[in-house]
Amino acid sequence: MIGRDLLAISDLTAEDLWKILETAEHMQEVGRRDIKKVPTLRGRTIINLFFESSTRTRTSFEIAGKRLSADVVNFSSSGSSLSKDESILDTALTLEAMAPDVVVVRHGVAGVPRRIADALDAPVINAGDGAHEHPTQALLDLFTVYQEKGHLEGLSVAIVGDILNSRVARSNIHAFTKMGAEVRVAAPPTMLPVGVESLGVKPCTSLREAVDGVDVVMVLRIQLERLSGALFPSVREYAATFGLDREKLRYAKDDVIVMHPGPVNRGVELAPDLADHRPSVILEQVRNGVALRMAVLYLIAGRAPAPIAEPKQ
Ligand code: CP
């Protein structure tokens with residue numbers, strides 16, 4: 001993966017995914033040390049180019065880079081020359097002129113990280129683009145499930161929520177199906193993309209059907225800020241029909257785990273008690289995000305430095 005962009009799970013093979021998970025296991029060990037730092041990326045520069053708000057992804061990319069001894073620069077659109085109408089592409093080219101080794105991009109519009117990747121020489125990592133993909137979220141979700149269950153093939157995973165508008169759902173569908181898991185998606189019909197079966201998943205229009213006998217329930221955030229029209233009658237009705245609580249979870253396997261990419265709308269898609277306690281693994285997901293992003297940064301930017309040319313006589 002050295003020097004490659006990471007833009008979508010759909011671009012990766014199952015072999016790529018295993019390589020990333022194995023590397024994340026090594027990186028997890030670094031995070032357990034007293035001194036959580038290795039010199040692996042010393043001399044490398046990572047730019048976090050975030051055009052949309054983030055807590056988990058931006059912070060964990062920053063911590064991941066710093067644990068690998070890279071220099072990490074955080075760009076956020078507020079306070080930048082975007083407010084003077086500089087374009088996104090000019091912003092990216094300007095930052096590339098400062099010689100970063102990796103650029104991590106989040107944008108609210110699908111396709112922007114790929115457009116930036118086409119224009120830059122530096123590898124680009126997609127940190128979430130519109131409703132398209134959020135590949136490192138799916139990778140840390142895979143990693144969390146693998147650590148909890150010890151395998152991925154043959155597991156049943158239910159993804160519940162706004163499948164239509166969710167980049168997390170799209171990336172996780174690709175990730176879990178590539179690894180041989182059975183994936184069900186559940187939502188009100190207005191939140192299920194037409195033809196979602198073509199992605200190799202089983203659509204369900206009731207939560208009961210979706211969680212029946214599953215190993216994993218992944219609950220998605222209701223993205224009130226992205227919903228252009230009313231996709232469901234009211235938040236209260238959504239909570240009553242698709243909000244997960246312990247009562248609805250009892251149809252799943254006894255050792256089911258509950259996941260959520262965050263941030264959680266407590267009492268809407270997930271009952272507060274379930275968000276805070278097992279079988280929820282939400283904070284394990286956050287913890288694993290650092291090791292996983294260390295693995296991705298190492299695999300993309302961890303090449304040996306080019307030899308320094310002999311000075312001309
Ligand atoms: N899961 C996720 O992408 O969270 P942030 O928006 O806080 O980065």
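As the structure is a computational prediction, the values presented were derived from the model and not from experiment. When reading the values below, keep in mind they use all heavy atoms of this one structure, side chains included, and skip hydrogens, waters and symmetry mates.
In this model, a donor atom of one side chain and an acceptor atom of the other lie less than 3.5 Å apart for Q28 and Q147. In this structure, a donor-acceptor pair under 3.5 Å is present between the side chains of E269 and N265. A donor-acceptor contact under 3.5 angstrom links the side chains of E62 and N74, judged on distance only.
Taking the charged nitrogens against the carboxylate oxygens, D129 and R115 have no contact shorter than 4.0 Å, which rules out a salt bridge. Look at R208 and D212 and you find a salt bridge, because one of the NZ, NE, NH1 or NH2 atoms lies within 4.0 Å of a carboxylate O, short of that distance.
Counting heavy atoms from C-beta outward, S166 and H134 have side chains that stay 4.5 Å or more apart. A 4.5 Å side-chain heavy-atom check between P113 and H132 finds every atom pair outside the cut-off. The shortest side-chain heavy-atom distance between P193 and I163 falls under the 4.5 Å cut-off. Between L299 and L6, every side-chain heavy-atom pair lies at or beyond the 4.5 Å cut-off. Counting heavy atoms from C-beta on, the side chains of M27 and L68 come closer than 4.5 Å. In this structure, I257 and E284 have side chains that are not in contact, with every pair of non-hydrogen atoms separated by 4.5 Å or more. Residues L21 and M179 have side chains in contact (heavy-atom distance under 4.5 Å, counting atoms from C-beta outward). A heavy-atom distance below 4.5 Å is not found between the side chains of N126 and R167.
R58 contributes atom CZ, which lies 10.5 Å from atom CG of L49 (distance to the nearest 0.5 angstrom). Put simply, CG on L270 and CD1 on I222 are 11.5 Å apart, with the number rounded to the nearest 0.5 Å. Interatomic distance, CD1 of I47 versus CG of L120, reported as 9.5 Å (0.5 Å rounding). Note that CG of D101 is 9.5 Å distant from CG of D71, once rounded to the nearest 0.5 Å. To the nearest 0.5 angstrom, E197 atom CD is 9.0 Å from L199 atom CG. Put simply, CG on N288 and OG on S60 are 11.0 Å apart, with the number rounded to the nearest 0.5 Å.
For the pair A122 and V103, the tightest heavy-atom approach, listed with the atom from each and the gap, is CB-CG2, 4.3 Å. Heavy-atom minimum distance, C204 versus L192: O-CD1, 4.0 Å. H260 and Q285 make their closest contact through N-OE1, 2.9 Å (heavy atoms, listed as atom of the first residue, atom of the second, distance). For the residue pair A169 and L220, the shortest heavy atom distance occurs at CB-CD1, 3.8 Å. The shortest heavy-atom contact between L82 and S77 is CD1-CB, 3.4 Å. Heavy atoms only, all atoms of each residue included: P123 and G3 are closest at CB-O, 3.7 Å.
Hydrophobic clustering (ILVMFWY, side-chain heavy atoms < 4.5 Å, transitive): V286 and L274 are in distinct clusters. No chain of hydrophobic side-chain contacts below 4.5 Å, direct or via other Ile, Leu, Val, Met, Phe, Trp or Tyr residues, connects V194 to V183. No single ILVMFWY cluster, assembled from side-chain heavy atoms under 4.5 Å apart, contains both L283 and F143. V124 is connected to M98 through a chain of hydrophobic side-chain contacts under 4.5 Å among Ile, Leu, Val, Met, Phe, Trp and Tyr, so both are in one cluster.
More than 12 heavy atoms of other shown residues, nucleotides or ligands fall within 6.0 angstrom of atom CZ in R266. The number of heavy-atom neighbours closer than 6.0 Å to NZ of K202, taken from other residues, nucleotides and ligands shown, is above 12. D118 CG: more than 12 foreign heavy atoms inside a 6.0 Å radius.
Under the 3.5 Å distance criterion, the side-chain polar atoms of R44 are left unmatched by any main-chain donor or acceptor of G302. Of the possible donor and acceptor atoms, one in the side chain of S280 sits under 3.5 Å from a partner among the backbone N and O of A275. Using a distance-only test at 3.5 Å, with no hydrogens or angles considered, a donor-acceptor pair links the side chain of R106 to the main chain of A127. Formation of a donor-acceptor pair under 3.5 Å by the S69 side chain with backbone atoms of V38 is found in this model. Without hydrogens or angle criteria, S206 side chain to E209 main chain gives a donor-acceptor distance under 3.5 Å. Between the side chain of S83 and the main chain of S80, a donor-acceptor pair closer than 3.5 Å is present. Between the K36 side chain and the R67 main chain, no donor and acceptor come within less than 3.5 Å of each other.
The aromatic rings of W18 and Y146 sit perpendicular to each other, their planes meeting at more than 60°, with 30° as the lower class boundary.
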Under the side-chain contact (heavy atoms from CB on, under 4.5 Å) rule, what do H277 and R246 come out as? Steps first, then yes or no, please. CA-CA 11 Å; H277 303 286; R246 288 189 191 273; 3.7 Å; yes
Would you check, one step at a time, whether the test side-chain contact (heavy atoms from CB on, under 4.5 Å) holds for T57 with F50? CA-CA 10 Å; T57 313; F50 278 60; 4.2 Å; yes
Could you walk me through whether D141 and Q137 pass the side-chain contact (heavy atoms from CB on, under 4.5 Å) test, one step at a time? CA-CA 6 Å; D141 291 339; Q137 178 68 45; 3.1 Å; yes
Report the C-alpha distance between K253 and D255 in whole Å, list the side-chain angles of each, state the deciding distance to 0.1 Å, and finish with yes or no for side-chain contact (heavy atoms from CB on, under 4.5 Å). CA-CA 5 Å; K253 282 195 179 146; D255 63 348; 3.6 Å; yes
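Of the candidates L17, T13, L12, T13 is the only one forming a side chain to side chain contact (heavy atoms under 4.5 Å, CB included) with E15. Of the residues listed (T241, L249, L244), the one engaging L207 in a side chain to side chain contact (heavy atoms under 4.5 Å, CB included) is L244, and it is the only one.
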